[in-house]
Amino acid sequence: MTERNSSFEILRLAAMFIIICHHFVVHGVYPTISPNDIHNFSMAACVLLFGWGGYLGNSIFILLTGYFSIDRQVNWKRLLLLALTMIFYTVVIALIWKFNGWNVPHKKAILLPFFYGYNWFVACYLIFMLFVPFLNSAIRKASSVQHLAFIALLFFINLIVPVLKGVNYMNDAPLFQFLLFYLIGAYLKRFKFQHAILNKQSTWIKTAVVLLIIQIATIAYTWIFKNDIWRYVNLFSACLAVTYFMIAKTNGTCCFPAVNKLAASVLGIYLIHDNELVRPYIWTTIFPNASYLGSSYFILFLLAKVCCVYAVCLLIDQIRVNFIEVRVKKIVYSHWNQWALRVLSVKAKTVTFMREL
């Protein structure tokens with residue numbers, strides 16, 4: 001089995017840190033105080049530095065999926081294990097809440113989290129991957145110009161039109177975000193840049209710095225004048241996702257087994273800290289985030305709490321991976337061929353039926 005490139009695994013770990021910072025703000029500050037209600041140093045930090053990274057972090061994960069999935073068969077075992085992990089965390093967390101006498105709503109969603117969207121990103125990921133075999137078949141037939149044109153069209157409609165205050169019929173539709181960044185990742189895998197400057201890490205680092213400066217300046221301008229900052233966030237985040245990916249890609253191949261092992265828990269971290277029961281508990285009950293907005297140590301508090309949430313969730317998922325998932329894998333792998341034969345039988349009957357229509 002080929003070892004994973006640790007440059008990309010570090011990118012995964014960094015993306016999860018960005019997402020947790022985003023959740024600190026949107027789930028722990030904004031529900032209590034609107035970003036335009038007060039203008040102090042703490043809120044500026046939330047708005048300009050930490051609160052906008054959710055789209056960026058998620059886009060990085062999707063881009064990586066496109067890059068590694070375009071020339072491979074879908075790993076259905078891995079998707080099944082991910083679905084089982086999702087169910088495991090929703091059920092275990094609900095049982096812990098029930099044991100403590102706390103309210104546990106949405107019981108159907110707890111048992112079928114991917115169906116009811118209990119964790120939107122992972123649920124959307126599982127749904128999107130069902131379309132990947134068909135999508136890959138179409139992408140592989142496209143030329144570089146056709147592929148890039150499709151990306152440009154999606155990019156314009158999905159990200160440019162909202163900035164211009166137009167209607168694109170894609171708002172609040174995560175599958176379009178998945179499609180766009182999957183296509184970008186697939187393009188970066190299928191085709192190489194012709195210009196040498198685009199294959200240098202220094203180029204992408206400089207680009208990322210410039211984009212960050214422009215984004216922060218743009219958000220600051222709109223925030224100071226109490227306008228909607230989110231119109232611009234997704235556009236800049238999309239560009240930054242590509243630059244961060246290219247920084248990792250142009251870093252070359254390296255392998256740090258410990259890093260790769262930790263990176264295997266990023267989606268587990270997502271499932272734990274953004275669980276609908278856990279989310280309000282960690283952001284508004286334990287050391288409520290909004291209570292520290294006036295503190296001169298707010299940035300330190302934010303970073304310390306994000307790191308604690310990251311570390312605790314990572315530790316929990318590493319325990320699951322090493323003591324529970326290994327046993328679940330044995331069960332799944334031992335029955336996989338038998339299940340696959342049944343699926344193939346159903347598939348053959350379905351194909352025969354469709355041909356006879």
Side-chain angles (χ1 to χ4, degrees), residues 1-19 55-83 85-86 121-142 144 147-148 150-151 154 174-193 198-199 201 204 237-238 240-271 317 321 325 329:
M1 182 178 178
T2 305
E3 288 288 346
R4 287 177 174 267
N5 184 348
S6 295
S7 295
F8 292 124
E9 300 310 294
I10 292 171
L11 181 61
R12 292 181 202 271
L13 291 166
M16 184 49 60
F17 183 83
I18 292 169
I19 288 170
Y55 192 92
L56 168 61
N58 291 332
S59 298
I60 289 172
F61 282 122
I62 305 164
L63 204 157
L64 286 165
T65 299
Y67 184 80
F68 288 109
S69 298
I70 183 59
D71 55 1
R72 300 177 183 175
Q73 297 293 322
V74 174
N75 190 334
W76 299 109
K77 293 179 187 176
R78 184 168 172 268
L79 292 180
L80 176 60
L81 289 170
L82 177 57
T85 301
M86 196 177 187
F121 181 82
V122 180
C124 192
Y125 176 85
L126 289 169
I127 291 172
F128 181 80
M129 292 305 291
L130 298 177
F131 294 92
V132 163
F134 308 101
L135 186 58
N136 282 353
S137 179
I139 291 173
R140 290 170 190 150
K141 295 175 183 176
S144 61
H147 194 149
L148 197 58
F150 193 10
I151 291 172
L154 263 178
L175 276 174
F176 286 109
Q177 180 189 2
F178 270 76
L179 178 59
L180 171 61
F181 287 96
Y182 188 91
L183 285 168
I184 293 173
Y187 181 88
L188 294 173
K189 185 64 174 285
R190 293 183 70 210
F191 306 105
K192 310 297 181 185
F193 289 119
L198 295 177
N199 293 303
Q201 189 179 53
W204 296 102
S237 294
L240 280 169
V242 176
T243 60
Y244 289 169
F245 173 85
M246 288 305 300
I247 290 171
K249 185 176 184 295
T250 53
N251 187 56
T253 302
C254 58
C255 182
F256 303 109
V259 170
N260 295 357
K261 187 175 181 180
L262 293 177
S265 285
V266 288
L267 287 180
I269 295 170
Y270 208 126
L271 290 169
D317 195 66
V321 168
E325 187 172 80
K329 276 185 177 180

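Quick caveat: nothing in here was measured; it's all calculated off a predicted structure.
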Task: Which residues share a side chain to side chain donor-acceptor pair (under 3.5 Å) with Thr243, sequence neighbours left out - done: none
Open item on the list: Taking ring pair (Phe, Tyr, Trp, His ring centres under 6.0 Å) as the definition, give me every residue that meets it alongside Phe17, ordered by chain and number, with sequence neighbours left out.
Closed with: none
Open item on the list: Please enumerate all residues that pass side chain to side chain donor-acceptor pair (under 3.5 Å) together with Thr85, with sequence neighbours excluded.
Closed with: Arg320
Open item on the list: Has Asn260 got a side-chain atom pairing as donor or acceptor with Glu9's backbone, closer than 3.5 angstrom?
Closed with: no
Open item on the list: My understanding is that only residues two or more places apart in sequence, or in another chain, count here; which of them pass ring pair (Phe, Tyr, Trp, His ring centres under 6.0 Å) with Tyr187?
Closed with: His147, Phe191
Open item on the list: Just to verify, what does Ala241 make a side-chain contact (heavy atoms from CB on, under 4.5 Å) with, not counting sequence neighbours?
Closed with: Leu56, Ser59, Ile60, Phe181
Cut-off 3.5 Å, no hydrogens considered: what does the side-chain donor-acceptor table look like for residues 122-132, sequence neighbours left out?
from   : atom 1 : to    : atom 2 : distance (Å)
Tyr125 : OH     : Arg78 : NH1    : 3.3

TODO: Applying side-chain contact (heavy atoms from CB on, under 4.5 Å), name anything that partners Phe256, two or more places apart in sequence or on another chain.
DONE: Ser6, Cys254, Val259
Open item on the list: Using a 3.5 Å distance criterion without hydrogens, assess whether the side chain of Arg190 forms a donor-acceptor pair with backbone atoms of Ile139.
Closed with: yes
What donor-acceptor contacts under 3.5 angstrom involve side-chain atoms of residues 261-270, with partners at least two apart or in another chain?
from   : atom 1 : to     : atom 2 : distance (Å)
Ser265 : OG     : Asp317 : OD2    : 2.7
Ser265 : OG     : Gln318 : NE2    : 2.7
Tyr270 : OH     : Asn58  : OD1    : 3.3

Open item on the list: Checking the side chain of Asn199 only, and the main-chain atoms of Phe193 only, is there a donor and an acceptor separated by less than 3.5 Å?
Closed with: yes
Task: Partners meeting salt bridge (charged side-chain N to carboxylate O under 4.0 Å, His left out) with Lys189 (sequence neighbours left out) - done: Asp71
Open item on the list: Do Lys249 and Trp204 have side chains that approach each other closer than 4.5 Å (heavy atoms only, starting at C-beta)?
Closed with: no
Open item on the list: Quick test of your reading: applying salt bridge (charged side-chain N to carboxylate O under 4.0 Å, His left out), list the pairs with at least one residue in residues 56-69, sequence neighbours left out, ordered by first then second residue.
Closed with: none
Task: Interatomic spacing from CG in Leu64 to OH in Tyr182 - rounded to 0.5 Å - done: 12.5 Å
TODO: Please name all residues satisfying ring pair (Phe, Tyr, Trp, His ring centres under 6.0 Å) with Phe176, sequence neighbours left out, ordered by chain then number.
DONE: none
